[in-house]
Amino acid sequence: MGKIILTGDRPTGRLHLGHYVGSLKRRVELQNSGEFDRIYIMIADAQALTDNADNPEKVRRNIIEVALDYLSCGIDPTRSTIFIQSQIPELCELSFYYMNLVTVSRLQRNPTVKTEIKMRNFEANIPVGFFTYPISQAADITAFRATTVPVGEDQEPMIEQTREIVRRFNSIYGPALVEPEILLPENAACLRLPGTDGKAKMSKSLGNCIYLSDSAEEVAKRVKTMFTDPGHLRVEDPGKVEGNTVFTYLDAFCRPEHFAAYLPEYAGLDELKAHYRRGGLGDVKVKRLLNAVLEETLEPIRARRKEYEQDIPEVYRMLKRGSEAAREAAAATLADVRRAMRIDYFDDEALIAQQAQEYR
Ligand code: TRP
């Protein structure tokens, strides 16, 4: 059995730079590395509904946005299978069986679920579907026999929970499932890109995102108002680099060749940081560099998006083909799971023959 990737995103909005550095960029590299036998990229609409049950229109509208963002970043549907979670009913059945292998207290301890419950003010009214989404995520991953799950660090508890379910399942029913490994972003600044306001994370509700589909003007505006060091008032003042969002973004996006192109008077990012710390380097200059660096990443993405936007029906056809292929793979795993769990009665001729014998 080969190396298989499964990963995905909830379609609750357009994808932003946090998604890009945290996972999209890596997915494209992994896709192009040729090291994987299969790559599945899932639009997790069913998971999105676990905390948007009353807003199906939002989820529905954003399927195409996420698909366009994938394609424009370089995910190639001839090499990666892009599909929609809700179109794979096998995932529900797997979740139903996995629920028997997980305790309520284990779910309550899942740190990501805990944080999300707080964020959504769900404390007293947690929807059961939301509470159990780590189990359904285990179904997503195992249905495709994924060996590798490239995600951001916030997803670590989900992968850990999946591994526990797999071990439990295999020890009870026999080795039918594959235990996946998480693949985290390499660059520390990419683990979690802060919002443009310096808050811990880009989030639509905080309005601190740079979206992959933002225009050059919108990006420039965001960079201009980006959080820096509030103590760095005059150019001459010494400035702080740690916790300074502009530098965090440079850590994530800047490569040595950018200096030759945009700021040849500096050898690299370390020199620029040193100057900022000493004083005498203004925010405007650093921001101008960041804007140029971001545009190098975003301009080709934007251009490709424009092309795909010209043929929306074809994007839907691609999603349909992907969902059909994904369903086949999930059905094969489900057949193995049923056999392992001994609920494959009608396919088990030995069972029928033996009981026929007993009753004769
Ligand atoms: N929980 C992921 C997110 O919020 C989305 C997701 C659903 C996912 N199922 C998955 C990611 C399986 C990786 C593997 O972004």
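Each ligand, and each atom within it, is numbered from 1 in the order the structure gives. If you read the sequence from its start, that first residue is 1, and numbering goes on from there.
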* To do: List the closest protein heavy-atom neighbour of atom 8 (C) of ligand 1: residue, atom name, distance to the nearest 0.1 Å.
  => Q137 NE2, 3.4 Å
* To do: Find all atoms of ligand 1 within a distance of less than 4.0 Å from any non-hydrogen atom belonging to Q155, and give their numbers and elements.
  => 1 (N), 2 (C), 3 (C), 4 (O)
* Structure fact -> In this structure, CD of E65 is separated from OG of S213 (nearest 0.5 Å) by 6.5 Å
* Asked: Can you list the ligand 1 atoms lying under 4.0 Å from a non-hydrogen atom of R10?
  -> 4 (O)
* Structure fact -> Distance col, row T112:OG1 vs M119:CE, nearest 0.5 angstrom, shows 10.0 Å
* Asked: For the ring pair H258 and F253, is the centre-to-centre distance below 6.0 Å?
  -> no
* Pairwise distance NE2(H275) to CG(L263) - rounded to 0.5 angstrom -> 11.0 Å
* Apply the test side chain to side chain donor-acceptor pair (under 3.5 Å) to residues Q47 and R10: give CA-CA distance (whole Å), side-chain angles for both, the deciding distance (0.1 Å), then the verdict. => CA-CA 7 Å; Q47 188 176 107; R10 295 181 194 177; 2.8 Å; yes
* **Identity and separation of the nearest protein heavy atom to atom 9 (N) of ligand 1** => D140 OD2, 2.8 Å
* Under 6.0 Å between ring centres, would you say that holds for Y70 and Y308? -> no
* Asked: Who's the nearest protein heavy-atom neighbour of atom 15 (O) of ligand 1, and how far?
  -> G8 O, 4.0 Å
* **Subset of ligand 1 atoms that lie under 4.0 Å from at least one heavy atom of A44** => 7 (C)
* Close-contact set for ligand 1 against L6 heavy atoms, below 4.0 Å -> 12 (C), 14 (C)
* Asked: Would you call the rings of Y40 and F83 parallel, tilted or perpendicular if under 30° counts as parallel and over 60° as perpendicular?
  -> perpendicular
* For atom 1 (N) of ligand 1, what's the nearest protein heavy atom and its distance? -> Q47 OE1, 2.7 Å
* **Per-atom contacts of ligand 1 with M42, taking only distances under 4.0 Å to non-hydrogen atoms** => 7 (C), 9 (N), 10 (C)
